[in-house]
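Worksheet: one structure, shown below.
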Amino acid sequence: MSAQPEYAPAPPPAPAPTAAADLLARVRADRRAQQWAPAFERDWAQALEDSRHSYSLTPLHDVVRAWQARLAAAPAVDAFVASGMDDSDGVALEDLLGTRP
């Protein structure tokens, strides 16, 4: 009996080659651009460095996926904050996405 699964889960599809540039344009157009653009650029620079050392595009894909999720969740977060509900017991997005190192 093997401890290995009978099937390997399929990896998520790779983002489009222009996904990072498209995301940066969306981030810069957002009302949070003053804070988010430098954060995206910092994450991207770190992922580039990690990719150079690992010879893998995975760090770049992870940054794209995390920022896509962040931008997709922004309207829901705005609606929650505008509702005035208590958010003192919040959870970090990185924990939800499983991207925390």
Side-chain angles (χ1 to χ4, degrees):
M1 178 180 261
S2 173
Q4 298 295 324
E6 292 182 20
Y7 64 92
T18 61
D22 296 341
L23 274 173
L24 184 55
R26 286 179 54 201
V27 166
R28 287 182 176 157
D30 194 274
R31 66 178 180 81
R32 301 168 195 82
Q34 190 173 15
Q35 294 139 348
W36 280 14
F40 176 84
E41 290 167 355
R42 181 190 62 239
D43 291 353
W44 187 255
Q46 181 62 49
L48 278 173
E49 191 62 28
D50 292 346
S51 289
R52 285 185 187 115
H53 291 291
S54 66
Y55 298 103
S56 170
L57 294 176
T58 301
L60 299 171
H61 294 174
D62 290 344
V63 167
V64 168
R65 288 184 189 107
W67 277 92
Q68 285 172 334
R70 221 173 248 133
L71 287 172
V77 171
D78 289 342
F80 178 80
V81 171
S83 73
M85 296 181 75
D86 179 24
D87 64 348
S88 61
D89 63 342
V91 176
L93 179 64
E94 291 82 8
D95 292 338
L96 293 174
L97 298 175
T99 59
R100 187 175 295 265

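Below, all heavy atoms of this structure are taken into account, side chains as well, without hydrogens, waters or symmetry copies.
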If you compare all heavy atoms of P15 against all heavy atoms of R65, which two are closest, and at what distance to 0.1 Å? CD-NH2, 3.9 Å

Applying side chain to side chain contact (heavy atoms under 4.5 Å, CB included), run through R70 and L23 and close with a yes or a no. CA-CA 11 Å; R70 221 173 248 133; L23 274 173; over 6 Å; no

Which heavy atom in A33 sits nearest to a heavy atom in R28, and how many Å separate them? CB-O, 3.4 Å

Apply side chain to side chain contact (heavy atoms under 4.5 Å, CB included) to D30 and R26, showing your working. CA-CA 6 Å; D30 194 274; R26 286 179 54 201; over 6 Å; no

Could you tell me whether a side-chain N or O of S51 sits under 3.5 Å from a main-chain N or O of S56, the two making a donor and an acceptor? yes

Does V77 belong to the same Ile/Leu/Val/Met/Phe/Trp/Tyr cluster as F40, with side-chain heavy atoms less than 4.5 Å apart forming each link? no

Is it possible for you to say whether V64 and L48 belong to one hydrophobic cluster, with membership spreading through side-chain heavy-atom contacts below 4.5 Å? yes

Donor + acceptor pair across side chains of D43, W67 (<3.5 Å): yes

